[in-house]
J.: 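What follows is a single structure, and I will ask about it in a moment.
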Amino acid sequence: MNLHEYQAKALLESFQILIPSGVCIQEATPENLATVKGTFKNHAQVAVKAQIHAGGRGKGHFKENGKSGVQLVSGDCLEKAITSMLHNTLVTKQTGEEGQKVNAVYVTEVFHYTKAFYLSICIDRAHQCPVVIASRQGGVDIETVAATHPDQIIRIPINPSIGLCHFQARAIANCFQLTGSAYTHCIQTILNLYKAFVALDATLIEINPLVLSDQQQIVALDSKVQIDDNALFRTSISPSLVPIQSPTPTSTKEAPSSIIRLDGNIACLSNGAGLCMATLDLLHQLGGQASCFIDLGDSASEQKIDSILDLVLTDSQSKGVLINVFGGTFPCDILAQRLIQKIQQHRPTKSIQVRLEGNKSEEARELLKTAPVPFMDDLQQAIQNLLRSVSL
Amino acid sequence: MNLHEYQAKALLESFQILIPSGVCIQEATPENLATVKGTFKNHAQVAVKAQIHAGGRGKGHFKENGKSGVQLVSGDCLEKAITSMLHNTLVTKQTGEEGQKVNAVYVTEVFHYTKAFYLSICIDRAHQCPVVIASRQGGVDIETVAATHPDQIIRIPINPSIGLCHFQARAIANCFQLTGSAYTHCIQTILNLYKAFVALDATLIEINPLVLSDQQQIVALDSKVQIDDNALFRTSISPSLVPIQSPTPTSTKEAPSSIIRLDGNIACLSNGAGLCMATLDLLHQLGGQASCFIDLGDSASEQKIDSILDLVLTDSQSKGVLINVFGGTFPCDILAQRLIQKIQQHRPTKSIQVRLEGNKSEEARELLKTAPVPFMDDLQQAIQNLLRSVSL
Amino acid sequence: MSFLTIDPQPRVLVQGITGHAGLLHSKLCLEYGTNIVAGATPGKGGQYVHTNIPVFNSVAEACRETAPTVSLILVPAPFATDAIYEAIDAKIPLIVCITEGIPVQDMLRIKSVLKGTQTRLIGPNCPGILAPHRYKIGIMPGAIFKPGSVGLVSRSGTLMFEAAWQLSTLGYGQSMAIGIGGDPINGTSYQDVLRYFNEDPATEGIVLIGEIGGISEEQAADYIRQSVRKPVVAFIAGQTLPSNQRMGHAGAIIEGNKGTAAHKIETLKAAGVYIAPTITDIGETYAQAIQNIK
Amino acid sequence: MSFLTIDPQPRVLVQGITGHAGLLHSKLCLEYGTNIVAGATPGKGGQYVHTNIPVFNSVAEACRETAPTVSLILVPAPFATDAIYEAIDAKIPLIVCITEGIPVQDMLRIKSVLKGTQTRLIGPNCPGILAPHRYKIGIMPGAIFKPGSVGLVSRSGTLMFEAAWQLSTLGYGQSMAIGIGGDPINGTSYQDVLRYFNEDPATEGIVLIGEIGGISEEQAADYIRQSVRKPVVAFIAGQTLPSNQRMGHAGAIIEGNKGTAAHKIETLKAAGVYIAPTITDIGETYAQAIQNIK
């Protein structure tokens, strides 16, 4: 689960990590605007930041008015900046052309600092441990730094049985070339950040930039926090922090039966992330383009199957539907039965190809004999049939 | 560090472990007595318990009035019970004949329960891990249970990297033969107890008895908590919980330069716990009895040496003084020099024997040539000399 | 894991046997011929399921009474971490954890604890292991597997089924099918399974099913290049998808351009692995590979 | 620890070298002939102590620049746990921790972490190790040790000095003296040291100094009975004191009547160990034991 900037910062603050003062607004009511103006009445300028689950906001633009997703404004222009963002759609390098709807705006002080660093904690799959990544080049594209100045990036693997040790925090403070009270405060901030990583069941905490203030304090200027979806049952995060807009899904692994939207015209229905991906691969290799792909998971209920079939069969973007299911626990006959009924209900004009194998596939074959959709043994053949009828 | 019952219970309560209601009194002022009476005004009876660092209070007696260290009284007799204890000396099986002065009295409700268990967490040195010990025979002498019904005691070793797991807590709740809400509450109590053990840097938490209330809740009726002295620098225990009377020391290991009082007439001064014990052993084996033994530690300051010599040379209980020091870091010449001066100062009439070896012992030998105390090469000889003059 | 070779019929304990998934799959495993000796569910001790399988309150009791050599974990995710620790504590040599949804930080701690023990964990979030016509310790459809000499290993469940079905259809039965699971951190790696197949005399060739994300296929390729002397066929899913980007910049720094299907395929090819270009070619590619060496 | 046999002169790093104890004892170690190659103190990197010993900010830097094989830890107790982890992380083969006062729960975690590594920890709360006329990695008075063939091991510091002095006075020099420390949980047990002495060709006989509390002398006796084929002399301090009662009933349940001097002496005797009846008899008892086998 991705958190918005304002949510991530509120969490970090609860772990004694310093953040700039800020106010989140979800509706531009007079009361909310008054609160914001009151909070920042002594500030010549404030930053107004659109809350979306993607980077590149500063260089992005709103579809509706062309304005940037991060605006520095004086008190007079605060309201205008907020209303230019709220409920509009922001397009950045990372959102794709469709952009993301902005449902919250975060107004923060313009924070003055002397140095900017990069600091993150994530899971290193290859070494099977958490790893802290730090660089004294912060506030910039860290992947570029990694490519051009690998020596300026340090990676510290953490033994999960011990946690982050003081000597490791010192190594990072040394990497940042800090001394005196800044050195001490940096170490404390790093130790707190690791505590937050564990307590929140985070999979990523990325602070970019982490800055040194004029008062020699370490402050998290921007932050990205991802929480392990599998741990939400125990993570003590306030429900108000659950994203108000769903994150852009980039993996089918994490959410069973998730629906991923794509640009093509064939809806792909499959079970298991691996089979979904492999089916999509074959479709592409044979010249097709998917409109979406849906993972039925391992044990979808009839109700869930029905709602997915409703969606797929009535979807205007999809000219064809490809169903490729290998039943393990999943019973193919139930799917066949629901499909027959839903076709009768919606009477779709689109082309539908079905390939079922595994658990109860013989029963499914029998059921589909009476149906207007063919039961295919050969996936390649099914896709070719589909492509032919879609291109007509 | 041993905690008093009332201190231990306050700590356990902060970890969501249920305890009977109670009030601690250190002076029998009218205000304090009014508070206690107010708290228990609806109770027909309360328990008044003397706070000392030893068990067997119920069967113990006060030197001054012969009363018990645990008294069940009605509201009318509350004041009498409290004053019978405060500032008097309680003798129990575990205090020895000299008894312990009572500086605090704990008044608690008389708690009704249906079953009594035993539960403790301590460090298993042999297996080098924490271990939970549980028995469904609680409220009795657990060592007797261990001897007569070993099958009724379970020991669960804990992996310190994981902590106490839910399945281990279940095993204990099963050992207690609990079901329903009592089972669930017991598991939660055990998990909380282990959290307390780790967070407090405890070396022992012993709940005897742990009881099942009429409301099917698990309550810690009596408890003993020992905190690792080495961890006091980081343990977040309120200073008010630091014992108001020093515990009976049973080990020379933990407190360098600690003074242990014994019943004989020879003061033993040595350095290092091992050498102290071995010197005492030899003294006893040769027929002597120590009045006290003092561990100078590894790096005693001149000031500390002086204060120890003051004490030893002027102690009326000691007819003789045996000094056996093997200097590692400790410089023998400093000790010799201070001894010479302190003998001049106090002009003690007691017999003194000195055996010094190791670091700067040659210098010490030179210094002592001019002194009225002989420098002995042979410890046996030194002790025999001492015993001879003491018996004169 | 080598005891799987010498033990023709492991003694299986099912943790969570009285739950929905536990009841269903323990029944299917029994029907396949698996020797299930006990179940364990807290609070259900004393019951019997499937007529004569005793249920115990704890794994420790089940071990005392029935001496299982494998534990199959079918408990819901919030209880799975504890179930794994309970099986480790009872010193069960092999744990097969089917459960999906174990928090990744739990798996980090579990891995770190496993290091000091003799226990092997397969999974979590995996279909289990199956020795055709001998036993099934997992949730796969048994009918698609046939006895033979292919060692099959996969992160994905359904892709393992697909591969087994293709192999069986073409007459290439399996010596053993092992699902290692799709989570970022899992108990057993490709490399562990490859070592087992490489040493197993009943295995003549190996089929490895991978997918984008992580670098475990690259690590497998390293091991194959150095140590495996049997033909290996691989298929990588997700060739037309972007690499898993969940870890953002930080992930990119750690894994670089590894993790893409292209990089995995390239690395495997360089290690001498035969690549199945699409999902429908897995069986055929194996047929060619095994012909080549004969 | 076997590398101590083959490395005549280990390269020593001193953690906490700029503190009071660090400066004093590193100087004494140097004077004894120890090859101190570096020191480490956070924030003091770039300095030199004792003329030409470089100080680094971290153990990692010290290792990169000077490749130490042993770390001598002389930092104050609140920082000692971190210092041990830092040395483990840097993969230093041997850590000798002198510091007294490390919390026991830290030691439990350290022991559990050490299991998965190649690092050995001696101590904490110990006088260190000394190879007479070769090197001293600790805080013992060097002058009382003489080269020879006695392997000396002790929980107590001053008792080790006493034993070494008696042995040297009687002409029995030492192959190596190892202080394992007096804490309830320590890095190296008697058994570990006994194994080393038993295999070390330079060691002809062994002197073991113990004391009441815990059951490590009993465990040593077990090992001696099973494996040690060299004469062993033991002295146990605290014979006229009650056993350590800090752990109350719980401790009594775990350790039973073990832990008393009488039980330790009885167990050691049964394992064929020669017992020195009093502190003044250690050297003489060794003389008799070694005569017996000649």
Side-chain angles (χ1 to χ4, degrees), chain B residues 55 120-126 128-131 133 141-143 146 153 155 159-161 198 201 203-204 206 208 224 226 228-231 233-234 250-251 253-254 256 270-285 298-299 325-329 357-359 378-380, chain D residues 21 24-25 77-78 100-109 111-113 127 139-141 143-144 154-162 165 182 184-185 209 211-216 219 235 237-242 244-256 261 277-280:
Chain B
S120 67
I121 310 178
C122 65
I123 310 269
D124 184 338
R125 290 161 71 148
Q128 310 218 314
C129 62
V131 62
I133 300 172
D141 181 358
I142 195 68
E143 288 183 55
I153 291 188
R155 304 163 196 206
N159 181 330
S161 303
V198 173
D201 263 305
T203 48
L204 171 71
E206 188 172 45
N208 190 19
K224 189 173 179 184
Q226 284 173 356
D228 187 351
D229 296 303
N230 288 342
F233 73 89
R234 68 179 178 196
T250 54
S251 162
K253 197 92 246 173
E254 315 306 319
S270 195
N271 65 329
L275 193 61
C276 279
M277 288 193 284
T279 306
L280 210 60
D281 287 346
L282 186 58
L283 175 66
H284 286 210
Q285 281 157 343
D298 196 37
S299 49
V325 164
F326 207 114
T329 309
E357 197 49 71
N359 190 16
D378 185 330
L379 179 62
Q380 293 231 17
Chain D
L24 168 66
H25 288 292
E100 180 182 355
I102 296 184
V104 65
Q105 294 203 15
D106 282 6
M107 277 309 300
L108 291 176
R109 284 183 283 266
K111 286 288 285 187
S112 146
V113 167
I139 59 168
M140 50 286 267
I144 58 172
S154 174
R155 277 161 81 183
S156 155
T158 40
L159 281 181
M160 180 214 257
F161 308 160
E162 179 74 44
W165 175 79
I185 309 291
I209 309 294
E211 59 192 57
I212 54 170
I215 65 163
S216 55
Q219 292 173 320
F235 171 71
Q239 298 173 42
T240 51
L241 281 179
N244 186 327
Q245 298 194 344
R246 292 194 86 224
M247 295 206 296
H249 295 303
I253 292 170
I254 299 175
E255 297 179 358
T278 78
I279 179 167
T280 52

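Lettering of chains follows the sequences in order, A, B, ..., and the numbering in each one begins at 1.
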J.: Less than 4.5 Å to any heavy atom of chain B: does that hold for the side chain of I102(D), its backbone, both, or neither?
T.: backbone
J.: Tell me, for Q128(B) versus chain D, whether the close heavy atoms (under 4.5 Å) come from the side chain, the backbone, both or neither.
T.: both
J.: Side-chain contact, heavy-atom cut-off 4.5 Å: L379(B) with T278(D)?
T.: no
J.: Taking N359(B) for its side chain and T329(B) for its backbone only, find out whether a donor-acceptor pair lies under 3.5 Å.
T.: yes
J.: Treating D228(B) as the side-chain partner and V104(D) as the backbone partner, does any N or O pair qualify as donor plus acceptor under 3.5 Å?
T.: yes
J.: Name the region of Q219(D), side chain, backbone, both or neither, that has any atom closer than 4.5 Å to a heavy atom of chain B.
T.: side chain
J.: At a heavy-atom separation under 4.5 Å, does L280(B) approach chain D through its side chain, its backbone, both, or neither?
T.: both
J.: Without swapping roles, check the side chain of S112(D) against the backbone of L108(D) for a donor-acceptor pair under 3.5 Å.
T.: no
J.: At a 4.5 Å cut-off on heavy atoms, which part of V198(B) comes close to chain D: side chain, backbone, both, or neither?
T.: both
J.: Looking at residues at least two apart in the chain, or sitting in another chain, which of them share a salt bridge (charged side-chain N to carboxylate O under 4.0 Å, His left out) with D281(B)?
T.: none
J.: In terms of heavy-atom proximity below 4.5 Å to chain D, should Q380(B) be classed as side chain, backbone, both, or neither?
T.: both
J.: Check whether I209(D) gets within reach of chain B through its side chain, its backbone, both or neither, counting any heavy atom under 4.5 Å.
T.: neither
J.: Please work out which of the three classes, parallel, tilted or perpendicular, describes the rings of F161(D) and F326(B), given edges at 30° and 60°.
T.: tilted
J.: Which region of P127(D), side chain (C-beta onward) or backbone (N, CA, C, O), has a non-hydrogen atom less than 4.5 Å from a non-hydrogen atom of chain B, or is it both or neither?
T.: neither
